[in-house]
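Below, chains carry the letters A, B, ... as their sequence lines are ordered, and counting in each starts from 1.
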Amino acid sequence: MPRHWLFKTEPETFSIDDLARDGTTEWSGVRNFQARNLMREMKLGDLGFFYHSSISPPGVVGICKVVAEAHPDSSQFVKKGEYWDPSSSRANPKWWCVDVGFVEKFPRMIAIEELRAIPDLAYMPLLRRGQRLSVQPVSDQEWALIVRLGREA
DNA sequence: GCCAACGTTGGC
DNA sequence: GCCAACGTTGGC
């Protein structure tokens, strides 16, 4: 069972600086069953990379941790909200998510281009063609390698 | 339960 | 803005 993860977010919507400011946040709005299932596997204290997507350049910018295990995603019940799901109910919630907390911001971003150049990372879903999961597992080896890179000033 | 159409993701 | 990839939807 993976104990490390990667969380994608568009920084215009919610960035590492937003997480640093707020301390914790509900990782709501994920509407993909595979990503939901991964969040249900997460345990309190699990660490994850914080990844900025849909900007130039995209990349890993820091570390967050699971501060609450999976619970129903509150945004699915907000009527007319962006993430409202009329097919879900409080009695039988469809979407689940964790809460994440700020751990650290790396002194530099590790851009996807740099990750792609490392053969040991070739099997990361992030770098694989067509893999668009917004929540992904990260192996222990990948984790250690990327943390080392990120902490290089 | 097949599968075409459609919508979304996300790097480039 | 383009477009490949792929998940979801809905007609049949």
**Request:** Verify the distance criterion only: is there a donor paired with an acceptor across the side chains of A:R21 and A:S15 at less than 3.5 Å?
**Result:** no

**Prompt:** Does the side chain of A:R128 get closer than 4.0 angstrom to OP1 or OP2 of C:dA4 through an N or O atom?
**Reply:** no

**Between B:dT9 (C1') and A:I55 (CD1): distance, integer Å** = 15 Å

**Request:** Report the nucleotide, chosen from C:dA5, C:dT8, B:dG11, that has the shortest atom-to-atom distance to any side-chain atom of A:R132.
**Result:** C:dA5

**Under 4.5 Å side-chain linkage, directly or through intermediates, the cluster mates of A:W95** = A:F33

**Asked** Just to confirm, is there a sub-4.0 Å distance from OP1 or OP2 of B:dG10 to any side-chain nitrogen or oxygen of A:K8?
**Response** yes

**Message:** So, OP1 or OP2 of B:dT9: does either fall under 4.0 Å of a side-chain N or O from A:Y51?
**Reply:** no

**Complete:** Separation of B:dG10 atom P from A:N32 atom CG, nearest Å, is 9 Å

**Asked** Whole Å only: how far is the NE2 atom of A:H52 from the C1' atom of B:dC12?
**Response** 19 Å

**Request:** Grab the CG-C1' distance between A:L127 and B:dT9 for me, whole Å please.
**Result:** 16 Å

**Prompt:** What is the distance, rounded to the nearest whole Å, between atom CG of A:L133 and atom C1' of C:dT8?
**Reply:** 15 Å

**Asked** Judged by modelled atom types alone, do A:D73 and A:W96 share a side-chain donor-acceptor pair under 3.5 Å?
**Response** no

**Item:** For atom CD of A:Q131 and atom C1' of B:dC12, their distance in whole Å
**Value:** 18 Å

**Request:** Check whether the ring centres of A:W27 and A:F7 lie less than 6.0 Å apart, and answer yes or no.
**Result:** yes

**Request:** Remember a base hit wins even if backbone is also touched, and classify A:R31 as base, sugar-phosphate or nothing at under 4.0 Å, heavy atoms.
**Result:** nothing

**Request:** Give the rounded distance in Å between these two atoms: CG of A:D85 and C1' of C:dG7.
**Result:** 15 Å

**Prompt:** How long is the line joining CZ of A:R129 and C1' of C:dC3, in whole Å?
**Reply:** 11 Å

